[in-house]
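Structure first, commentary second.
Treat the numbers as computed from the prediction; the structure is a model and nothing was measured. Sequence lines set the chain letters: A, B, ... in the order given, protein chains first and strands last, and positions in each chain run from 1.
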Number of protein chains: 2
Amino acid sequence: MLDFNSLSLSDDKTLCELADLFRVLGDSTRIRILCALCESERGVSDIAELLSMTQSAISHQLRVLKQARLVRVTRKGRASIYALDDDHVRTIFEQGFRHVRHILPSEGENGLA
Amino acid sequence: MLDFNSLSLSDDKTLCELADLFRVLGDSTRIRILCALCESERGVSDIAELLSMTQSAISHQLRVLKQARLVRVTRKGRASIYALDDDHVRTIFEQGFRHVRHILPSEGENGLA
DNA sequence: GTGATATATGAATACGTGATCATATATTCA
DNA sequence: TGAATATATGATCACGTATTCATATATCAC
């Protein structure tokens with residue numbers, strides 16, 4: 001557990017970085033990209049085809065995800081292979097899903113998924 | 001652990017809800033409000049003063065946070081007291097911080113906080 | 001009831017941003 | 001080298017949204 005007293009309002013820089021992280025996650029295209037990468041690493045055009053979007057749109061979004069340290073790239077020939085930067089992203093996702101799906105309707109851990 | 005195979009691209013509705021949740025978290029004002037509420041429940045004008053913002057701006061944002069089920073309200077006299085909806089929010093924050101602060105540089109759980 | 005206080009809300013505006021189009025860069029192969 | 005393929009990038013536009021201002025609603029004290 002982290003110490004949330006350290007999250008006091010004085011630490012504005014960290015809070016802005018946190019908001020920035022969530023802002024990057026707050027777009028359905030980027031979420032779908034990350035989901036695609038949860039399964040396995042992929043090239044740009046593969047992702048574009050998976051999501052039925054243009055290569056350009058995906059490339060632009062991958063740039064955003066890379067800047068946020070959420071994905072990493074490796075060149076393989078003329079392809080850029082993108083992957084989740086670490087398993088961290090999965091954990092953030094997991095908590096988000098718990099909220100969205102109301103696994104914890106109000107309090108208590110008795111899952112009624 | 002959740003099953004991330006269930007996060008396949010077919011489940012677009014859930015993915016959009018997830019993006020919506022993160023979008024709400026992706027604003028520094030709302031993050032600061034939630035942080036203020038991490039400490040204790042508070043009235044609107046208290047929050048406004050804490051963040052040096054207008055009552056109106058805070059009220060508008062609290063509405064967004066309420067719609068996202070991130071905060072709940074109780075009336076006490078003429079004051080509306082806002083609080084985190086559940087401890088869930090803290091957990092989501094925690095994961096976000098872990099990423100921002102790079103507590104896990106690449107992999108492994110050995111915290112070098 | 002009136003006045004004071006606390007919050008909510010609607011309209012307007014300024015700003016950020018996601019997708020598109022055209023084009024540039026990079027890599028492989030002949 | 002030149003053609004083909006894969007990706008990156010800059011400009012533009014349309015749209016969403018955070019804040020402000022003015023005002024409405026609600027609650028308490030009298």
Would you check, one step at a time, whether the test salt bridge (Lys or Arg N to Asp or Glu O under 4.0 Å) holds for A:Glu94 with A:Arg90? CA-CA 6 Å; A:Glu94 192 177 314; A:Arg90 294 176 206 273; over 6 Å; no

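Between the C1' atom of D:dT17 and the CG atom of B:Leu25 lies a distance of 16 Å, rounded to the nearest Å. Atom pair B:Glu49:CD and C:dT5:P shows a separation of 15 Å (rounding to whole Å applied). Between the P atom of D:dT9 and the CD1 atom of A:Ile58 lies a distance of 15 Å, rounded to the nearest Å. Between B:Gln61 atom CD and C:dT7 atom P the separation is 16 Å, expressed in whole Å. If you measure from atom CD1 of A:Ile47 to atom C1' of D:dT7, you get 12 Å, rounded to the nearest angstrom. As a whole-Å value, the separation of B:Leu62 CG from C:dT7 C1' is 10 Å. To the nearest angstrom, C1' of C:dA19 lies 14 Å from CG of A:Leu51. Atom CZ of A:Arg42 and atom C1' of D:dT7 are 18 Å apart (whole Å).
Set against D:dT19, C:dA6, D:dT17, the side chain of B:Met53 has D:dT19 as its closest nucleotide. When the nucleotides D:dA18, C:dA6, D:dA6 are ranked by their closest atom to the side chain of A:Ser45, D:dA6 comes out on top. The listed nucleotides are C:dA6, D:dT7, C:dA8; the one nearest the side chain of A:Ser80 is D:dT7. Between D:dT19, D:dT9, C:dG18, one nucleotide has an atom nearer to the side chain of A:Ser59 than all others, and that is D:dT9.
In the model, A:Ser40 has a side-chain atom that pairs as donor or acceptor with a side-chain atom of A:Arg42 under 3.5 Å.
Of all non-hydrogen atoms in B:Leu70 and B:Val24, the two that sit nearest each other are CD1-CG1, 3.7 Å.
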Listed pairs, N/O of protein and of nucleotides 21-29 of chain C, under 3.5 Å:
unit_1: C:dC21; atom_1: N4; unit_2: A:Ser56; atom_2: OG; d: 2.7

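Under the 4.5 Å side-chain heavy-atom criterion for grouping Ile, Leu, Val, Met, Phe, Trp and Tyr, B:Val64 is connected to B:Val89 within one hydrophobic cluster.
In terms of the side-chain hydrogen bond (donor to acceptor under 3.5 Å, both in side chains) criterion, residue partners of A:Asp20 (sequence neighbours excluded) are, by chain and number, A:Arg23. Here A:Arg30 pairs with nothing under the salt bridge (charged side-chain N to carboxylate O under 4.0 Å, His left out) rule; sequence neighbours left out.
A parallel orientation is assigned to the rings of B:Phe22 and A:Phe22, their planes being inclined by less than 30° (bins at 30° and 60°).
For A:Tyr82, a side-chain nitrogen or oxygen approaches OP1 or OP2 of D:dA8 to under 4.0 Å. Applying the 4.0 Å criterion to OP1 and OP2 of D:dA8, one finds that A:Arg63 has every side-chain N and O outside that range. For C:dG18, one of the phosphate oxygens OP1 or OP2 lies less than 4.0 angstrom from a side-chain nitrogen or oxygen of A:Arg30.
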